[in-house]
Every structure is written in C-alpha cells, then in structure tokens.
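Report on one structure; see the data block that follows.
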Amino acid sequence: MKRIVSTLILLLALTAAAELRWETTTVDFGTIREDDGRATRFFRFRNVGDSAVDITRIRTSCGCTSSDYVRHGIQPGEADSIPIHYNPIGRPGSYNKFISLTATDSTYTLHIVGNVIPSEVTLADRFPHSIGALRTSACEALFGDVISGRSRSARISAYNISNDTIVLDFDRLPEMCSAIASPDTIPPGNTTSIVVTFRTTPSMEFGWQSHSIDLIQNGKPFPISVTATVKAAPGECPENAPVAEIVDEKIIFADYGSQKHPKASLTVRNSGGSPLVVKHFASEDTALAASTTLPTVIEPGKSAKIGFTLDPAKETDYIINKELIIYTNDPAKPNRTIRLVGNK
C-alpha cells in the first residue's frame, strides 16, 4: 500500500509540471533611430503547465540589452509579458542579441533583432570617411610594422548610406594581400566589416610597402591604399644589410614666412654593407614636400641629403613642431622619426 501511494504522489508531481509557452522567441525591434534613445519591446508568454512558475534571472549577451523583470508565482493559465530594453547609442546598423531567461521549469533563450539609424554625430565620429556609397571608419588599410615571414590584418568598419543594397567584392589584390567583407551584402542602413590581411615572405623587400586594391560596390571599383613596413625579427637581420643613420636631429625651417619657397634638408648615411634605399617620407604637415626624388639609393659608406620644401600658403601654423618619418630598407629600423620645426 505504501509503495502504491508513493507511486501516485510521484505521478501527480510529474503531471503538475510547469511550462511557459511564448508568443514568439524572437522580437523584431524594427528600425529605430539612435537619436530616440532606449527602445523597449515585450516578450509575451503564458504558463500552460499545472504548477506555478518563478522567473528568477535574466542574462543578456550585451550591455546594450537589459531587463529588470523578475517574478515569482506565475499561476497556471496566467499570461504576462517581459520588457526588454535596447540602447542604440553608438551602435548603428543591424543587430541580433540573445537573452537567457532562467525559470523554475527550464532555461529559455530569446532573441531580439533590429536596425539602428545612426545620428549625424555617430556617422561623423565612427564613419568619418566616404568610399562610394559607404561611410567608413578609415579610407586605407594601415598595417604598421610587419615582421618578415608573418602577417597582420587591418579592419575597416563601413555603413551603407545609400538607398540600395550593396554587394561587395575585391579586385587588383597583390599576391601578399587578401580581403573579405562580412557580410558582403549590405542593405541600406546596415553595417559591414572589411578585413584586409597583409602576408609577408622571408624574401620580401624590407621597408615601406605601398599597394592599391579595389573595393567593388555593385560592380564599380573604388581604390583603397594598403601600406605596411616590413622589418626583420630581432636578431635576424641579414648579413651585410643596409644601416640607416640620420645625421640631423631635426629639419629646421627658420623664418619661413619671409621666403617664397623655403628649403631644408636632412642627411642620411648608410653605415651598412649593401645599398640603402630611402623610400618614402610621411608627415602630418601637408605643406611639406620632398624636393629630392624618392626612392633614393645610398651606397655603403656614403651619405645623401634629402631635401624638403615648405609651402607657406598651405602652412597654417606660426610655429611648427611636428613629426617626420623617413622610411628606408634598413631591416632593423625601417622607419625613423625626427622633428620638423620652424617659425614664421
């Protein structure tokens, strides 16, 4: 008799299971504007089981999504809704987030999807450049120093500002570069991520490398520059490699305002065992230009002057104090930074 009673109690407990039935497990927020701030949508459910349910915890996949809903004692047959908040500030484009909800009967996974129209401030801050119909976080792929025999990747975020869906592809990829867009099909108002990878080989020339690839938008090419500086790993410089020595500590344009075409130069010496190539220079000062033809080759043991001119009409600063970078094929130190100084 006791065994029969125990069995009946167990059967009753099993049949009195709790269960939440959802109207939908994915809620579409639709298109919302970043300027409008936090948006709220609801997941509606009903307890279709035979016992009360407690909802004890809600976890979200991102700090942009939140809910403070916790409730105990949801009775059989009772319906309710859970508010889910999404903060679109600084998050333009489409999104797909999940919510993990813990209840006494089970753990449920819910999803929210939608799309955010960015504010003008976000467009200017996150996507300051334009490439065709895309606003982008950068207009070129910059890799910095890449150790010979290794690779580096550069990421460009992009936002479709047009009214058309854009399909992306790539062309004119040099052998050391690969590129991918994820996703490669971007509806209006959506974002994508463009990843360009630069792979070096042990036989690749050291120093500054510059290439151009085409980003194809619906069949139309838009060029993107790719730059990297290839250098040797520490302690692995080739024997008799070129060695660049910058003799001058700075380039000085004194009293440049009184000169029509002010000029200055810097001396570079090759103390290595093979020809040194001065490939390129870079400066944040757009008024500066090289008057020496680059690239310039300097034989072992020799020196050369690299000349520069300053355009006073383009120079907006009364006092100049900026950086100038010289790029060579010195495998140990392919780029050298010096100061560019001057006064009107």
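Residue numbers start at 1 and run along the sequence shown. Everything numeric in this text was worked out from a predicted model, so none of it was measured.
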Determine whether [X] and [Y] make a side-chain contact, defined as any pair of heavy atoms from C-beta on separated by less than 4.5 Å.
X      : Y      : result
Pro238 : Pro331 : yes
Thr56  : Val70  : no
Cys62  : Tyr95  : no
Ile74  : Ile55  : yes
Pro262 : Pro312 : yes
His85  : Asn87  : no
Cys64  : Tyr86  : yes
His280 : Thr328 : no

Heavy-atom closest pair, residues [X] and [Y]:
X      : Y      : result
Tyr69  : Pro83  : CD1-CD, 3.9 Å
Ser130 : Arg135 : OG-CD, 3.4 Å
Phe127 : Ser137 : CD2-N, 4.0 Å
Pro188 : Thr165 : CD-OG1, 3.7 Å

Do the side chain of [X] and the main chain of [Y] share a donor and acceptor less than 3.5 angstrom apart?
X      : Y      : answer
Ser100 : Thr109 : no
Ser66  : Gly63  : no
Ser291 : Thr309 : no
Asp35  : Ser119 : no
Asn270 : Ser274 : yes
Arg46  : Gly77  : yes
Thr24  : Val27  : no
Asp248 : Lys250 : no
Gln75  : Gly73  : yes

Hey, could you give me each pair passing salt bridge (charged side-chain N to carboxylate O under 4.0 Å, His left out) that has a residue in [range]? Not counting sequence neighbours.
range            : result
residues 197-218 : Arg172-Asp214, Glu205-Lys279
residues 189-198 : none
residues 183-196 : none

Residues two or more places apart in sequence or in another chain: which of them pass side chain to side chain donor-acceptor pair (under 3.5 Å) with [X]?
X      : result
Ser153 : Thr197
Asn321 : Arg339
Asp164 : none
Glu78  : Arg71

When clusters are formed from ILVMFWY side-chain contacts under 4.5 Å, directly or step by step, what else is grouped with [X]?
X      : result
Ile246 : Ile251, Phe253, Tyr256, Leu266, Val268, Leu276, Val278, Phe281, Leu288, Leu294, Ile298, Ile306, Phe308, Leu310, Ile320, Leu324, Ile326, Ile338, Leu340
Phe198 : Ile131, Leu134, Phe143, Val146, Ile156, Ile166, Leu168, Phe170, Leu173, Met176, Ile186, Ile194, Val196, Met204, Phe206, Ile213, Leu215, Phe222, Ile224, Val226, Val230
Val167 : none

Test side chain to side chain donor-acceptor pair (under 3.5 Å) on Glu323 and Thr337 and set out the steps.
CA-CA 7 Å; Glu323 288 186 345; Thr337 301; 5.1 Å; no
Is Ile32 reachable from Ile117 through a run of I, L, V, M, F, W or Y residues, each pair having side-chain heavy atoms under 4.5 Å apart?
no
Examine Phe98 and Leu101 and state if one hydrophobic cluster contains both, with Ile, Leu, Val, Met, Phe, Trp and Tyr joined whenever side-chain heavy atoms are less than 4.5 Å apart.
no
One pair to check against side chain to side chain donor-acceptor pair (under 3.5 Å): Tyr327 and Asp330. What are the steps and the verdict?
CA-CA 8 Å; Tyr327 296 91; Asp330 179 342; over 6 Å; no
Distance-only polar pair, side chains of [X] and [Y], donor-acceptor under 3.5 Å:
X      : Y      : result
Glu34  : Thr122 : yes
Thr267 : Lys305 : yes
Gln259 : His261 : no
Arg155 : Ser193 : yes
Asn160 : Ser162 : yes
Asn335 : Asp145 : yes

Taking ring pair (Phe, Tyr, Trp, His ring centres under 6.0 Å) as the definition, give me every residue that meets it alongside Phe29, ordered by chain and number, with sequence neighbours left out.
none
Of Val53, Thr104, Asp80, the one forming a side chain to side chain contact (heavy atoms under 4.5 Å, CB included) with Leu20 is Val53
Sole residue of Thr60, Thr40, Ile82 in side chain to side chain contact (heavy atoms under 4.5 Å, CB included) with Ser67
Ile82
Check the pair Thr227, Trp208 against side chain to side chain contact (heavy atoms under 4.5 Å, CB included), reporting the backbone distance first and the verdict last.
CA-CA 7 Å; Thr227 60; Trp208 184 71; 4.1 Å; yes
Can you name the residues that form a side chain to side chain contact (heavy atoms under 4.5 Å, CB included) with Ser94, not counting sequence neighbours?
Asn115, Asn190
Is the ring pair Trp22/Phe45 parallel, tilted or perpendicular, if the boundaries are 30 and 60 degrees?
tilted
Inspect the contact between Lys322 and Asp317 and indicate whether a charged nitrogen and a carboxylate oxygen are less than 4.0 angstrom apart.
yes
